[in-house]
Amino acid sequence: MLPTRPKQSTLIGKYHENIITNYYDLAFFNEDKIFNQFEVVFDPEIPRDSRKLIRQAVQNIEGEIINKVGPYVLKGTIVWASPKDPKNSESVSFKSKFVEKDSKVEHEFVVKLQKTKTFNMNKLYDDPKLAQQVLQVLNSQLKSKMSRLPGLKEFNKSSKFYNVNSECVVEDSCLKVMKGFFTSIHILNGQPKLLVDVSTRVLRNESFADTLRYDKGGFQHFVGRPVIADYGNYRIYKIEGIINDQTPESKFSCKGQSISYREYFKTHYGIDIKNLKQPLLKSSVKKKYLKEGKMVEEIEPIVLIPELVKLTGMEDDERSNFQLMKRMASHTKMEPQERNEKAQDLLKKLAKDKDKSDLFQIRPQEMTVRGFILPQPVFEFGGNRTEVPKGGQLNVRQRLLKPIELSTWSLVYTSLNDRDDDDADELVKMMKEAGKTYGITVKDPRFIVSKSKGWESFRKAIIDANEKDKLAEEQIVITFITKFETNWYPQIKKEMLNKLGANHQNVRRDSLKKNTMSIVSKILLQINAKIGDPLWKIQLGHPELKGKRIIVGGMAIYHKLLAGNQSCAAFVGTTNNDLNKFYTCPKLMQMNQQRFDSLR
């Protein structure tokens with residue numbers, strides 16, 4: 001028997017506020033929000049992978065196309081158009097005569113726009129694949145509008161635009177903050193809406209060459225770290241290695257010509273490389289392109305000049321520096337009212353930016369939604385002590401509702417000298433001390449020690465220990481790694497969870513240099529929860545909730561997975577009336593699908 005839908009609470013409507021959102025309406029050129037899709041056909045035929053020639057042939061007759069089918073966007077050989085009168089838009093033909101920019105060859109084509117589809121922007125729920133295509137088209141044009149605003153540059157094709165002419169240097173540090181905006185068009189309740197938010201990016205004031213010169217950890221520490229190029233489109237690359245046998249004077253092949261890196265950057269970007277003896281960095285990018293009618297993906301190697309790139313983000317010791325983070329917050333933190341004012345300023349500029357090929361106009365009017373004010377939750381800890389959050393902060397420094405006795409556990413670390421062993425002993429000592437506040441008892445662990453550098457030695461130590469006593473039968477396994485071993489983390493998780501089935505907690509040694517007791521306390525709370533014992537329970541004090549089964553849950557859809565052209569929906573909800581046990585269920589769906597019927 002299926003459960004019935006619960007009755008609507010009598011609280012609904014009693015406590016609510018109108019909340020300003022950061023979503024905004026788009027205005028289209030016809031009231032019905034009708035779009036037409038055309039396939040572009042050329043006579044004589046142009047190969048589909050000749051993108052530059054296709055683009056030039058269409059751009060040459062841009063005005064004629066707009067007059068016939070309305071403002072449009074060209075994507076490959078597909079034209080998306082917003083007609084002023086949808087009934088009059090049929091297949092049309094044009095003549096395009098021009099001189100090709102690269103080859104200087106004169107061309108003449110008959111360009112035919114064959115109408116393939118008419119769709120309504122109000123009904124995008126019905127076709128996820130179409131919704132994905134529409135979003136690509138609209139966001140492509142949004143990026144064009146953002147790029148036309150003075151001073152704004154997109155970083156790494158991320159839809160984040162920063163003012164490159166204005167940067168904030170963080171006092172007493174080698175860091176600076178770039179300020180800008182994140183803009184994107186989403187499908188919300190079946191209709192396209194513009195999302196606008198402020199964005200900040202932390203960069204280093206010094207080049208990677210300078211960072212490398214002053215860092216004592218060696219180059220290997222930086223493998224896998226992202227750097228941003230200070231030229232072109234401000235692309236972000238991941239450091240994959242160092243090329244010691246090449247310098248900026250080394251030559252490579254560029255469009256069939258042999259040219260040095262020094263000459264290349266001078267010619268293409270107007271940059272004079274100062275240090276001509278510095279080694280080069282190795283990176284790569286994924287590139288997709290049409291080949292014989294099929295989309296092909298290849299890994300293209302990239303060479304970077306250390307002098308021309310900068311590390312992004314912050315080091316762990318910088319994050320643990322309270323005074324530095326306080327100075328940083330003055331540049332990165334913003335009150336809601338200020339965020340809204342910044343967004344409004346941007347929207348007014350975008351609204352003034354008009355182009356004859358625009359598919360939409362932006363309405364800067366604020367959108368509001370009805371939000372309900374929930375009563376403050378009351379947290380119950382051990383000994384029937386209760387706590388109410390104050391200013392969004394909850395005091396958990398007291399005996400837990402169900403503290404664990406950590407008696408069967410292992411600590412895995414690399415030991416190359418006595419100091420490494422001392423660090424491991426100190427962690428155990430601090431865990432025992434921190435546990436007293438929460439009622440957690442910590443016994444001595446089994447030490448699993450790798451006596452050599454490298455992942456293989458670390459992994460072998462784990463496997464050998466597991467053969468003696470199964471790690472899955474222990475309460476938890478803690479890996480205690482250095483900052484130079486951080487890139488092992490994905491492999492450690494895979495080994496512990498997928499292969500050995502063991503509960504796992506990772507701890508970085510350098511994270512314990514400052515605020516050690518606070519950090520160890522948080523680690524213990526995580527372990528307590530991972531083992532399955534709740535830290536607290538929530539009291540259901542309202543009379544309407546007495547004697548009823550309660551579920552607090554939420555659903556969300558994420559559209560940018562790392563692999564595959566899919567979206568992911570997920571549900572997370574409580575499973576008991578203490579609201580301290582949880583169930584979660586993810587489901588892969590079609591890209592940009594907005595609704596789902598079941599999570600099974």
Side-chain angles (χ1 to χ4, degrees), residues 51-52 136 139-167 174-184 199-212 219 222-243 246 248 250 252-255 259-275 278-289 295-314 560-563:
R51 294 188 174 187
K52 287 185 179 180
Q136 287 176 347
N139 278 303
S140 172
Q141 192 154 86
L142 175 62
K143 285 187 177 186
S144 296
K145 293 177 78 69
M146 289 290 293
S147 298
R148 291 197 293 264
L149 297 182
L152 290 183
K153 278 275 191 179
E154 184 183 17
F155 277 29
N156 204 43
K157 298 183 179 180
S158 63
S159 298
K160 294 179 180 179
F161 288 78
Y162 297 95
N163 188 343
V164 295
N165 298 325
S166 176
E167 56 189 38
C174 58
L175 302 173
K176 64 181 179 181
V177 177
M178 307 289 289
K179 295 185 178 182
F181 299 92
F182 171 73
T183 58
S184 183
S199 177
T200 56
R201 182 115 206 171
V202 178
L203 302 176
R204 308 200 84 75
N205 249 335
E206 61 189 15
S207 71
F208 181 72
D210 291 332
T211 303
L212 192 59
F219 176 79
F222 297 105
V223 173
R225 293 283 300 275
V227 291
I228 189 167
D230 254 350
Y231 50 85
N233 292 324
Y234 293 86
R235 291 287 301 270
I236 294 176
Y237 302 93
K238 188 174 286 188
I239 297 174
E240 297 175 359
I242 191 166
I243 310 172
Q246 291 189 35
S250 300
F252 69 104
S253 179
C254 178
K255 296 181 179 180
I259 187 174
S260 70
Y261 293 102
R262 176 183 59 79
E263 293 168 325
Y264 175 83
F265 280 95
K266 178 63 176 177
T267 303
H268 287 76
Y269 301 106
I271 296 174
D272 289 309
I273 298 175
K274 297 175 183 176
N275 182 359
Q278 61 187 302
L280 307 182
L281 301 176
K282 181 167 59 176
S283 185
S284 63
V285 294
K286 288 182 180 179
K287 286 219 167 181
K288 292 182 179 181
Y289 61 92
M295 190 62 72
V296 177
E297 181 177 281
E298 287 186 353
I299 303 296
E300 181 180 325
I302 296 291
V303 172
L304 302 172
I305 312 295
E307 185 182 303
L308 304 183
V309 296
K310 295 175 180 176
L311 283 172
T312 69
M314 303 175 66
K560 291 186 178 181
L561 298 186
L562 292 176

Chemist: With no hydrogens and no angle check, is any side-chain donor or acceptor of Glu307 less than 3.5 Å from a backbone partner on Lys274?
Modeler: yes
Chemist: Taking all atoms of both residues into account, what is the closest heavy-atom pair of Lys179 and Thr200, and its distance?
Modeler: CG-CG2, 4.2 Å
Chemist: In Å, rounded to the nearest 0.5 Å, how long is the span from OG of Ser207 to CD1 of Ile305?
Modeler: 11.5 Å
Chemist: Of the non-hydrogen atoms in Leu304 and Ile302, which two are nearest, and what is the gap between them?
Modeler: CD2-CG2, 3.8 Å
Chemist: Just jot down the salt bridge (charged side-chain N to carboxylate O under 4.0 Å, His left out) partners of Glu167, sequence neighbours excluded, or say none.
Modeler: Lys176
Chemist: Using a cut-off of 6.0 Å, state whether more than 12 heavy atoms not belonging to Asn233 lie near its atom CG.
Modeler: no
Chemist: Kindly give the heavy-atom pair with the smallest separation between Met178 and Val164, and that separation in Å.
Modeler: CE-CA, 3.7 Å
Chemist: Heavy atoms only: give me the nearest Leu281-Pro306 pair and the separation to one decimal.
Modeler: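 Looking at all heavy atoms of both residues, the closest pair is CG-CG, 3.8 Å.
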Chemist: Looking at Gln278 and Asn275, would you say the former's side chain and the latter's main chain have a donor-acceptor pair under 3.5 Å?
Modeler: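 Confirmed, Gln278 side chain pairs with Asn275 backbone.
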Chemist: Is the shortest heavy-atom distance from the side chain of Val303 to the side chain of Phe252 under 4.5 Å?
Modeler: no
Chemist: What orientation do Tyr231 and Phe265 show, parallel under 30°, tilted 30 to 60°, or perpendicular over 60°?
Modeler: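 Rings of Tyr231 and Phe265: perpendicular, over 60°.
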Chemist: Would you say the side chains of Tyr162 and Ser199 form a donor-acceptor pair under 3.5 Å?
Modeler: yes
Chemist: For residues 147-157, tabulate all N or O donor-acceptor pairs below 3.5 Å that involve a side-chain atom, not counting sequence neighbours.
Modeler:
{"unit_1": "Ser147", "atom_1": "OG", "unit_2": "Lys143", "atom_2": "O", "d": "2.8"}
{"unit_1": "Arg148", "atom_1": "NE", "unit_2": "Asp353", "atom_2": "OD1", "d": "3.1"}
{"unit_1": "Arg148", "atom_1": "NE", "unit_2": "Asp353", "atom_2": "OD2", "d": "3.3"}
{"unit_1": "Arg148", "atom_1": "NH2", "unit_2": "Asp353", "atom_2": "OD2", "d": "2.7"}
{"unit_1": "Glu154", "atom_1": "OE2", "unit_2": "Lys143", "atom_2": "NZ", "d": "3.0"}
{"unit_1": "Glu154", "atom_1": "OE2", "unit_2": "Ser158", "atom_2": "N", "d": "3.2"}
{"unit_1": "Glu154", "atom_1": "OE2", "unit_2": "Ser159", "atom_2": "N", "d": "2.9"}
{"unit_1": "Asn156", "atom_1": "OD1", "unit_2": "Arg235", "atom_2": "NE", "d": "3.4"}
{"unit_1": "Asn156", "atom_1": "OD1", "unit_2": "Ile236", "atom_2": "N", "d": "2.8"}

